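Please read all numbers here as calculations on a predicted model, not as lab measurements. Lettering follows sequence order; numbering is per chain, from 1.
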2 protein chains.
Amino acid sequence: MNAIGSDLRVGPAADRAELYALGRQLRVDSVRSSTAAGSGHPTSSMSAADLMAVLMARHLRYDWDDPANPANDHLIMSKGHASPLLYSMFRAAGVVDEDELINTYRRAGRLQGHPTPILPWVDVATGSLGQGIGYGVGVALAGRKLDRLPYRVWVLCGDSEMAEGSVWEALDKAAFYELDNFTVILDVNRLGQTGATEYGWDVERYAHRVTAFGCRSLTIDGHDVDEITAAYEAAALADRPTVIIARTVKGSGFSEVENKPDWHGKPLPEDMAQRAIDELGGVTAIHVRGPLPEASPPTNSGRASQHSASVDPPRFDLGEEIPTRKAYGQALAALGARPDVVALDGEVGNSTYSELFEKDHPDRFFQMYIAEQQMIATAVGLSVRGYRPFAATFAAFLTRAHDFLRMAAISQADLCIAGSHCGVEIGADGPSQMGLEDIAMMRAIHGSTVLYPSDATSAAALTLTMADLPGISYLRTTRGGYPVLYGPDERFPVGGCKVWGERPDDVVTLVGAGVTLHECLSAATELARQGIATRVVDLYSVKPIDAESLSRCAQQTRLLMVVEDHHPEGGIGEAVAAVLAKGRPGARFAHLAVDSLPGSASTTQALDAAGINAGHIVRAVLAELDPKRQADTEE
Amino acid sequence: MNAIGSDLRVGPAADRAELYALGRQLRVDSVRSSTAAGSGHPTSSMSAADLMAVLMARHLRYDWDDPANPANDHLIMSKGHASPLLYSMFRAAGVVDEDELINTYRRAGRLQGHPTPILPWVDVATGSLGQGIGYGVGVALAGRKLDRLPYRVWVLCGDSEMAEGSVWEALDKAAFYELDNFTVILDVNRLGQTGATEYGWDVERYAHRVTAFGCRSLTIDGHDVDEITAAYEAAALADRPTVIIARTVKGSGFSEVENKPDWHGKPLPEDMAQRAIDELGGVTAIHVRGPLPEASPPTNSGRASQHSASVDPPRFDLGEEIPTRKAYGQALAALGARPDVVALDGEVGNSTYSELFEKDHPDRFFQMYIAEQQMIATAVGLSVRGYRPFAATFAAFLTRAHDFLRMAAISQADLCIAGSHCGVEIGADGPSQMGLEDIAMMRAIHGSTVLYPSDATSAAALTLTMADLPGISYLRTTRGGYPVLYGPDERFPVGGCKVWGERPDDVVTLVGAGVTLHECLSAATELARQGIATRVVDLYSVKPIDAESLSRCAQQTRLLMVVEDHHPEGGIGEAVAAVLAKGRPGARFAHLAVDSLPGSASTTQALDAAGINAGHIVRAVLAELDPKRQADTEE
């Protein structure tokens, strides 16, 4: 590679020649870093290099020495595969050095193939396309409605991404919430991974759509720094979100790959890379410091630092029949005393009981309507600014946002999620509304916590606990009302469980949560009547799981049966089975779960049809304990 | 309830009075059925009653006596909660009787809370909003591009649904594929579940968006049968997809609930129901037979019935290093000999190798661009017409379509899904591109089959096998090339496994799939060198799982260790743990999986960092077999 070239300093007063030179440097560094890595996306970086050169020199108000400055603008690379461009910007800003850029990119350390917040200048992980605009909406919403700070949010987006519905959910909400601090820069380079994009350079089509969704559209030549500058200035003055639709050339600046298909996601071979660098004017060391943010205001209402407010949790009387979803709503409303707590819902707040928070704290409630992807994206964006979002919808419909939840974990966002109407328990509405996969989904999210309360006291307590947990926390709530089991002073530590009726000579352990805990308790009463001493585990903490208590039960009893209102895979049963399989030989394991396709029915009928009610539990226990059957199995 | 009233017959020549009378009957029956059930959505049904009355009497070309007639039009209720309206139409058509409608709705049997294909007149399950348009696109695509049949697809959609991005993915593809046989009827009744929708009666806003997405929009009064008729006639003549934007009144026809919030999803109490019936003119028994479809053509190229073509599968040489994703593509291309097989991809066909099918069978390949939800929705729609869709993208991005996959299972669709680039094995691209949750997601889909080949021979064989499996089948493929392990005549029955190097005196069983199988084989060689006889299970069939072989291994060896390139929850490890926990006490279970957040690295480094390579396996086995450690644990 070339030696370091000219040592120019560029700032907000940069002239056209300097901006073009910076654009060339960003291209050269994108080529160099990806060729050195042997993988990456130089051509997708080159198309947006002029757009980013102008942005960082003249418009991005960012203190590179203080990435935590609350007044900083935010730049989100929705086209995360253009990471060479982003990292080349970091080199130009002087926060990543030549050695790190060239010698570590994509191999180890911070400069990953797609950006993640391991880097202090990155807000969110990107790389699953169509998500960056949604996150940006959340950050912009925090700026306009909560922080009341003058920062601007810029999102660089690729044209291929526009096929994702999530993009339109996001632009819709940007317009609905009148986010005039929000600008999308759409890099229309015409070429996707396998060939031409759906609409190529038909920028008018994008403009038409963007306008229809309530945003201002500006169509420009993405390689003309004057047009770029004018568009950014216009965006800053617009009274609504702006989408700058920039016609660009993939691989621009290197004639051998410019506007050619088959160069997506491919580093240039060494010899080509050298020709590219030469054609682009060689390696340079232009140092950029753009505008600084306005001084941040002395106080910053609603910020995450203000956790100290005293929260007065709801209290419930033993035996009272309260749905756990309602206890969630009451606890959430109480948590509203904390100014960092915000809530979102997917237009089902009277089902999830998010409405209780909305009534008390309308300024911190954000209606996402029926757009679950954007609900999670907004939550992630709000968390970037230090808020603690609680987002709720039916457990079944959280599956809609699975990819956003997965990416939120990579962003290391702290989110609290509530999924209501879990399982066949809901009865009449039928299978489309029954969350029967949500535990599997939420357990497999990296670093998640999965909580599943069985009564109002534990639901409220766990809701409060969630507010301070790191990572993605999930509370699974039930539609129907079931008796309060615990007094108001009972504690529910994450990773614990409650064991009901434990005696040394118990024969059977039943494990349940939610509606099945109540069925297990009924079954235990009946089994005791038949002379079979039975204890019941309330597995309110599914992940982490109380391996110690479960192992003790497995050692002390002959049969350990898990009963759950969820499909058999990835739920409570397998979580327990994994604990037992790793321990010493003990109780025989059995598992009742929903392994047929349910239909509409009453709750009573639905639990019966799924084989997870007290009657089925009793019969299954008796069958498992039958000496003849045991002898057969153990032969 | 009232006795049955007038016995009118209504057909395509119905006059205005008859159409209005039918609209009133559909309302009355919606009220009656939901009140009798004690749950349901009468007001959301009433807003669309006139729209459906005109459709079924005059425009829906449907042979109610032969729902399998390939020339039938298709009606999809995207607003599945309006099931009382749909079932009232079935009563009017004479295919569901009074008794079934009033006495079973939402309680048991076929008339579920949201429609499912248990009913012969229902193509797909709905109830997760924003999905019906997507399914309709698939059915319409089959009609235009494959069946070449003149049927029309009608989708009734609610206004709240328009907030879902999936709706815009669907309309985009309807326009892109020029589906002039496709009509969406948008019931703009202004009120959602919790209050006003995002845009109320701003029908022009919807029209603007729909037009921007390439569809024709027609804005009408949804309670004026003349305007409705004119719109349906115009839609039938349009040269592109049509969206009829109908301004309607929620609860229309009953003054006490008309246009009032707080009546979403609530049946009318008995006394109100009676007043509603009275105001609507009482119970009637209008019998409707609308137009019949054109006679179906004698042959129907590409139909599902034509399975008999001989497929010439690819063959691989032992030891050759071929990625399983490539073997998938080659086998898929070979399967193209079957005219019912179609393929879809999310614009990554050169990564998933769907492109091999596209090259050979361009007429049966559908590019969905980066729109994974619509990819699955299209697949479901194609399956309605008897095609066997194979849909592929990165395993990580299938999470985007989780809700569609969940609903596809309720639709009892037969789909083949391939997810490539699984696990940390991909290395440099980083965590956003690594499928680490996909096994948990796909296992928990009701009735699914989950396959995870480790070499090209098994990948190709399982791809062929999938083509005849019922339900949702999933093939997990790996990015890198690994040696072919099996000769071309090896069989891979679903529910089986392969055990390598089994001897009666083995001490250890290692279980792997994909890249970890190769690591397990290396580890077994090293362990054998150290005098520890080890067998290796190739768990190519994850669901169903070969419980018998695994149990045998657990009985015959002291340690059974599962190694997987997936998060620990819901994957192979827990599937095996559940088998072992249910069986007799046997081998100690151990589990190596990806339980940290991975970063970018080489494949070698990534497997090492995740602790799932041969070296880690050997060390973990030695630690588990260490007598001191065992003594500690077993005390």
Side-chain angles (χ1 to χ4, degrees), chain A residues 39 106 108 112-114 125 127-129 160-161 163-166 168-169 176 192-194 198 208-209 212 347-350 369-371 373 397 399-400 402-403 406 410 428-433 437 440-441 443-444 446 567 569-570 574 577-578 580-582 584-585 589 597 599-601 634, chain B residues 39 106 108 112-114 125 127-129 160 163-166 168-169 176 192-194 198 208-209 212 347-350 369-371 373 397 399-400 402-403 406-407 410 428-433 437 440-441 443-444 446 567 569-570 574 577-578 580-582 584-585 589 597 599-601 634:
Chain A
S39 77
R106 278 183 165 253
Q112 302 201 353
H114 296 76
S128 181
L129 291 173
S160 284
E161 297 184 66
E164 287 283 14
S166 56
W168 303 99
E169 290 186 21
F176 183 82
Q193 175 171 331
T194 61
E198 215 169 343
H208 192 181
R209 294 185 179 190
E347 225 266 277
V348 290
N350 53 352
Y369 297 94
I370 306 180
Q373 295 186 96
F397 305 141
T399 56
R400 198 66 155 256
H402 190 168
D403 195 28
R406 177 182 79 84
I410 301 173
D429 270 332
S432 64
Q433 320 290 300
E437 306 84 358
M441 174 176 77
R443 286 181 66 235
H446 175 69
H567 286 321
E569 301 85 5
E574 290 192 353
L580 300 191
K582 283 176 189 156
R584 283 191 292 154
F589 171 79
L597 182 61
S600 287
E634 291 184 3
Chain B
S39 78
R106 276 184 167 256
Q112 303 202 353
H114 297 76
S128 181
L129 291 173
S160 285
E164 288 283 13
S166 56
W168 303 100
E169 289 186 19
F176 183 82
Q193 174 170 331
T194 61
E198 214 169 345
H208 192 180
R209 293 184 180 191
E347 225 266 277
V348 289
N350 52 353
Y369 296 95
I370 305 180
Q373 297 186 97
F397 305 141
T399 56
R400 200 64 157 257
H402 190 170
D403 195 28
R406 178 183 77 86
M407 290 296 297
I410 301 174
D429 270 330
S432 63
Q433 321 291 300
E437 306 83 358
M441 174 176 78
R443 285 181 65 237
H446 175 70
H567 286 322
E569 300 86 4
E574 291 193 353
L580 300 191
K582 284 178 190 154
R584 284 192 292 155
F589 171 80
L597 183 60
S600 286
E634 290 182 5

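For chain A, the nearby parts of Ala440(B) are the backbone and the side chain; heavy atoms of each come within less than 4.5 Å. Interface remark: Ser39(B) contributes side-chain atoms only to the contact with chain A (heavy atom separation under 4.5 Å). Heavy atoms of Thr194(A) lying under 4.5 Å from chain B belong to its backbone as well as its side chain. Interface remark: His567(A) contributes side-chain atoms only to the contact with chain B (heavy atom separation under 4.5 Å). Contact of Glu347(A) with chain B is made through backbone and side chain together, with heavy-atom distances under 4.5 Å.
Of all the heavy atoms in Arg400(B) and Asp403(A), the pair that sits closest is NH1-OD2, 2.8 Å. Looking at every heavy atom in both residues, Gly127(B) comes nearest to Phe397(A) through O-CZ, 3.8 Å. Summarising the geometry of His402(B) relative to Thr399(A), their closest heavy-atom pair is CB-O, 3.3 Å, with the distance given to 0.1 Å. The nearest pair of heavy atoms linking Phe589(A) to Ala581(B) is CB-O, 3.2 Å. Ile370(B) and Ser160(A) make their closest contact through CD1-CB, 3.6 Å (heavy atoms, listed as atom of the first residue, atom of the second, distance).
For the set Arg406(A), Glu198(A), Gln433(A), Gln373(A), the entry with the most heavy-atom pairs within less than 4.5 Å of chain B is Glu198(A). Counting heavy-atom pairs under 4.5 Å between each of Gly599(B), Gly430(B), Gly570(B), Ala428(B) and chain A puts Ala428(B) at the top. Between chain A and the residues Ser166(B), Ser600(B), Ala578(B), Ala601(B), the most heavy-atom pairs under 4.5 angstrom are made by Ser600(B). Of the listed residues (Glu169(B), His208(B), Glu164(B)), the one with the most heavy-atom contacts under 4.5 Å to chain A is Glu164(B).
The main-chain N or O of Asp429(A) is found under 3.5 Å from a side-chain atom of His114(B) such that the two form a donor-acceptor pair.
When side chains are defined from C-beta on, Met441(B) does not count as touching Met441(A), because their heavy atoms never get closer than 4.5 Å. Looking at heavy atoms from C-beta onward, Gln112(A) lies in side-chain contact with Pro431(B) at the 4.5 angstrom threshold.
Rounded to the nearest 0.5 angstrom, Glu437(A) CD and Arg443(B) CZ are separated by 13.0 Å.
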